[in-house]
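All remarks here apply to the structure that follows.
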Amino acid sequence: MKIAFVGKGGSGKTTLSSLFIRHLAAARVPVVAVDADINQHLGAALGLDEQAAAALPAMGAHLPLIKDYLRGSNPRLRSAETMIKTTPPGEGSRLLRVREDNPVYDACARTVPLDDGSVRLMATGPFTESDLGVACYHSKVGAVELCLNHLVDGREEYVVVDMTAGSDSFASGMFTRFDMTFLVAEPTRKGVAVYRQYKEYARDFGVPLKVVGNKVQSPDDLAFLRSEAGDDLLVTVGHSDWVRAMEKGRQAPFAQLEEANRGALEVLHGAADASYERRDWERYTRQMVHFHLKNAESWGNAKTGADLAAQVDPAFVLLEEAATPQPA
């Protein structure tokens with residue numbers, strides 16, 4: 001299952017995504033966690049110290065390796081250099097799976113031990129001083145989008161992505177790559193403004209969206225979110241002494257998280273798991289191709305000097321059954 005956490009900056013989406021990742025690990029569910037936010041804080045939220053979090057390899061720095069591996073023997077890709085972030089898989093492409101070992105994970109993922117298991121953590125890499133004025137952050141998340149395009153996962157296999165804040169998530173087609181999107185919203189006008197914007201953008205693409213109310217402290221807060229989000233409001237989360245201690249660097253066993261907040265994570269898990277029955281791999285592949293053709297026409301063809309529409313394999317549909325091992 002591919003799960004995204006989105007929301008405005010400061011809404012608590014990184015904290016909630018890290019709690020959900022810990023919950024899945026405690027349930028012994030295999031997880032690949034991806035920090036795709038411009039502010040790289042997911043590693044710290046999962047308990048890494050500052051030095052270990054800074055040492056996480058940047059996926060963008062390994063983009064040539066990622067392209068070369070995913071290209072495989074696909075005859076429609078004449079070279080790895082002609083692949084862009086939206087390049088879809090086809091016959092002969094290598095696919096990624098949650099539970100396997102492969103060169104992409106070797107280069108880009110690190111195992112993070114947690115109380116009741118471990119997760120693989122990948123990160124786009126921070127927006128550095130050398131990028132200022134010359135680079136767009138969305139170029140860094142291109143490696144994430146390419147990997148998601150080639151990733152096949154099954155029930156009770158999770159990829160959890162902490163997305164960049166606000167409506168920036170719509171700067172690429174990556175927002176259509178998820179089985180469920182959890183939008184974290186505070187009970188404020190600014191908090192629900194991103195929800196309205198996201199819902200409007202996502203409507204035409206059938207993106208499943210549920211609101212997670214955060215920092216809810218009173219019945220009035222709850223009533224406000226219900227009036228704004230209606231049936232999209234899935235669950236709310238209140239104050240957590242456990243989270244506050246963790247943010248101060250005082251680690252405590254995850255089992256000590258407050259019962260109400262553990263219950264909220266169970267609700268998230270249930271909603272994510274239920275989305276499995278609504279999977280539509282043909283639509284997923286069709287949307288992937290749609291955004292690839294848009295990117296090819298707007299900038300990709302000019303940048304690569306190739307007709308990127310020719311990369312589309314019209315007979316190929318990404319399917320869960322396609323997750324068969326291929327030679328490295």
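The figures here come from the full heavy-atom set of this structure, side chains too, leaving out hydrogens, waters and symmetry mates.
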Which residues pass the side chain to side chain contact (heavy atoms under 4.5 Å, CB included) test with [X], not counting sequence neighbours?
X: Asn261; value: Val237, Ser240, Leu257, Glu258
X: Thr304; value: Ile84, Ala306, Leu308
X: Gln217; value: Asp221
X: Glu156; value: Val29, Tyr158, His269, Asp273

Who pairs with [X] by side-chain hydrogen bond (donor to acceptor under 3.5 Å, both in side chains), at least two apart in sequence or on another chain?
X: Ser18; answer: none
X: Arg120; answer: Asp101
X: Asn214; answer: none
X: Ser17; answer: none

Let me check something: any side-chain donor-acceptor pairs from residues 55-68 under 3.5 Å, sequence neighbours excluded? List them with distances.
unit_1 : atom_1 : unit_2 : atom_2 : d
Lys67  : NZ     : Met83  : O      : 2.7

- Closest heavy-atom pair and its distance - Val112, Leu46: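 In terms of heavy atoms, the two residues are closest at CG1-O, 4.0 Å.
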- Task: Might you point out which heavy atoms bring Val152 and Trp281 nearest each other, and give the distance in Å?
- Result: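 Of all heavy-atom pairs spanning Val152 and Trp281, the closest is CG1-CH2, 4.2 Å.
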- Message: Please evaluate residues Arg189 and Glu228 with respect to the criterion side-chain contact (heavy atoms from CB on, under 4.5 Å), reporting the C-alpha separation (whole Å), side-chain torsions for both, the decisive distance (0.1 Å), and the verdict.
- Response: CA-CA 9 Å; Arg189 292 173 62 187; Glu228 296 293 332; over 6 Å; no
- Item | Parallel, tilted or perpendicular: rings of Phe205 and His290 (30°, 60°) |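 Aromatic pair His290/Phe205 classed tilted.
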- Which pairs count as side chain to side chain donor-acceptor pair (under 3.5 Å) when at least one residue sits in residues 229-238, sequence neighbours excluded?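 Every pair satisfying side chain to side chain donor-acceptor pair (under 3.5 Å) with a residue in residues 229-238: Tyr195-Asp232, Lys199-Asp232.
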- Return each pair, listed once, that meets salt bridge (charged side-chain N to carboxylate O under 4.0 Å, His left out) where at least one residue sits in residues 19-32; pairs must be two or more places apart or across chains.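 Of all non-adjacent pairs touching residues 19-32, none passes salt bridge (charged side-chain N to carboxylate O under 4.0 Å, His left out).
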- Under the salt bridge (Lys or Arg N to Asp or Glu O under 4.0 Å) rule, collect the residues that match up with Lys210, sequence neighbours excluded.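 With sequence neighbours excluded, Lys210 shows a salt bridge (Lys or Arg N to Asp or Glu O under 4.0 Å) to no residue whatsoever.
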- Item | salt bridge (Lys or Arg N to Asp or Glu O under 4.0 Å) assessment of Glu157 paired with Arg97 | CA-CA 9 Å; Glu157 295 179 334; Arg97 293 166 298 280; over 6 Å; no
